[in-house]
Asks: 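Structure incoming, see below.
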Protein chains: 2
Amino acid sequence: MDRKEQMSKLKKELIEEMGVYFESQDILSPLSSRIFALLALVGYDGVTFDEIVEELEVSKSSVSTNLQLLQSMGRISYYTKPGDRKRYFKISVNDMVNRLDDKIDSWQKERKLHEKVANYRKEIIAISNKTNSEIQKDLSFNIHYIEFVDKMIENLQKLKTNILITINQEK
Amino acid sequence: MDRKEQMSKLKKELIEEMGVYFESQDILSPLSSRIFALLALVGYDGVTFDEIVEELEVSKSSVSTNLQLLQSMGRISYYTKPGDRKRYFKISVNDMVNRLDDKIDSWQKERKLHEKVANYRKEIIAISNKTNSEIQKDLSFNIHYIEFVDKMIENLQKLKTNILITINQEK
DNA sequence: CTTTTAGTTCGGCAAAAACCGAACTAAAAG
DNA sequence: CTTTTAGTTCGGTTTTTGCCGAACTAAAAG
């Protein structure tokens, strides 16, 4: 097996490994994950429709559907070269930033839920005239956790601005 | 509608809202999510098998299966009261810590993948004798990102030790 | 020893997810 | 105006997921 074959095998293995990761992590369909992995691996230049069909050995229709899906999620985009009808698909420039935003949103949602639960518990305590110490314990944990979530959000926001700075430097 | 009915309605709404969140966030089945939400809401005392069946209006078999699932994931556990055959299910004491561990693992996985991709790119550059500047750009982004991931992992670990300290204080 | 309780196991079924091939379309090339 | 290219759309099939009821089991109660 020569060098090129070795690299192509490595490529396939990497795509599979990344694919499995994205599938579980970002809740993408198997094929969407593989496509995204391929785009991530190839990077700057992007990949054409037919290259995806060939590399992943899947039907055109599936590629079409999943590319549309990824685009509608804002995770990928494409550019064209003058005098070339093909589309070159690549990961959105700010995909990483978007994903961080999603993570921040998610933590904020969790925060709100914890607040609601805390309010529910306060109500319960108010109704049952006997001051139930176990619910008090649960409640204080809620409140603690909200503080942690705030810290987490802060950290993610810092990370985001750091990444934005780097992206601007690279340009 | 009296106070009790109001609270029970609020409870159902909260369970549904939390359920939807867990379903998308933690990749749990719909019922697993609802059960987990119920346990989270009730807190310290825990909930019996039959209470779950009643509150969520689902079959015993589904509850059984999903409880086993959640237990095998280490997300819930149960205790028994002397002279009472029922099991009282509740969220694992260190579920939060476990989830943080999972998140750390996930970032570490992502880090490893980025390293592999970086190595792949280095190989590609080595093979193509012409020093391709676009791949270089991709590569430098890889390396930057790995640094960010490291910071993220560090933050999560800090958060974890903070939580562990709090848990020990509560005891 | 029989009955009840508390939960488990298993086969089945309905709905959703994921992919495919074949026919189609819109724009560029010839 | 016809053909080719590059991708889309749609109907159908296969797999997977998620729940259910009915029969079962193990342990405690009577």
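Values reported hereafter were calculated over all heavy atoms of this structure, with side chains retained and with hydrogens, waters and symmetry mates removed.
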Asks: Given atom CD of B:Glu54 and atom P of C:dG7, what is their separation to the nearest angstrom?
Replies: 14 Å
Asks: How many Å lie between CG on B:Leu70 and C1' on C:dT8, as a whole number?
Replies: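 Taking CG of B:Leu70 and C1' of C:dT8, I get 16 Å after rounding.
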Asks: Does B:Arg87 have a side-chain nitrogen or oxygen under 4.0 Å from the phosphate oxygens OP1 or OP2 of C:dT8?
Replies: yes
Asks: Please say which of A:Leu70, A:Asn66, A:Leu69, A:Ile35 ends up in a side-chain contact (heavy atoms from CB on, under 4.5 Å) with A:Leu28.
Replies: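 Among A:Leu70, A:Asn66, A:Leu69, A:Ile35, the one meeting side-chain contact (heavy atoms from CB on, under 4.5 Å) with A:Leu28 is A:Leu70.
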Asks: For residues B:Arg34 and B:Glu16, determine if any side-chain heavy atom of one lies less than 4.5 Å from a side-chain heavy atom of the other.
Replies: yes
Asks: Write down the distance between CG (A:Leu69) and C1' (C:dA17), rounded to a whole number of angstrom.
Replies: 11 Å
Asks: Do B:Tyr78 and B:Gln71 get their side chains close enough for a donor-acceptor pair, meaning under 3.5 Å?
Replies: no
Asks: In this structure, how many angstroms lie between the C1' atom of C:dT8 and the CD1 atom of B:Ile52, rounded?
Replies: 15 Å
Asks: In this structure, how many angstroms lie between the C1' atom of D:dG7 and the OH atom of A:Tyr88, rounded?
Replies: 15 Å
Asks: Is the NZ or CZ atom of B:Lys11 both under 6.0 Å from the centre of the six-membered ring of A:Tyr120 and within 45° of that ring's axis?
Replies: no
Asks: Pairing of DNA chain C as dot-bracket, 5' to 3': ( ) intra-strand, [ ] crossing, | other strand, . unpaired, with Watson-Crick or G-U pairs under 3.5 Å?
Replies: ||||||||||||||||||||||||||||||
Asks: Whole angstroms only, please: what is the NZ-P distance between A:Lys86 and D:dT5?
Replies: 10 Å
Asks: As a quick check of understanding, evaluate side-chain hydrogen bond (donor to acceptor under 3.5 Å, both in side chains) for A:Ser140 and A:Gln136, giving each step before the final call.
Replies: CA-CA 6 Å; A:Ser140 86; A:Gln136 289 282 7; over 6 Å; no
Asks: For B:Tyr44, does the six-membered ring have the charged nitrogen or CZ of B:Lys90 within the cation-pi criterion, i.e. under 6.0 angstrom from the centroid and within 45° of the normal?
Replies: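 Checked: cation-pi criterion met.
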Asks: Is B:Ile153 reachable from A:Ile163 through a run of hydrophobic residues whose side-chain heavy atoms are each under 4.5 Å from the next?
Replies: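 Yes, A:Ile163 connects to B:Ile153 through the hydrophobic network.
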Asks: Measure CG/B:Leu67 against C1'/C:dT9 and give the value in whole Å, please.
Replies: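 After rounding, the reported distance stands at 15 Å.
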Asks: Can you check each nucleotide of nucleotides 18-30 of chain C against protein heavy atoms at under 4.0 Å and return B for base, S for sugar-phosphate only, - for none, in 5' to 3' order?
Replies: SSBBB----BS--
Asks: For the residue pair B:His144 and B:Phe148, does the interplanar ring angle fall in the parallel (under 30°), tilted (30 to 60°) or perpendicular (over 60°) class?
Replies: parallel
Asks: Rounded off to whole Å, could you give me the CD-to-C1' distance for the B:Gln71 and C:dG7 pair?
Replies: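 After rounding, the reported distance stands at 11 Å.
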Asks: Taking ring pair (Phe, Tyr, Trp, His ring centres under 6.0 Å) as the test, write out the residues that go with B:Phe22, two or more places apart.
Replies: B:Phe36
Asks: Does the side chain of A:Gln68 get closer than 4.0 angstrom to OP1 or OP2 of D:dT9 through an N or O atom?
Replies: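 Affirmative; the distance criterion is met.
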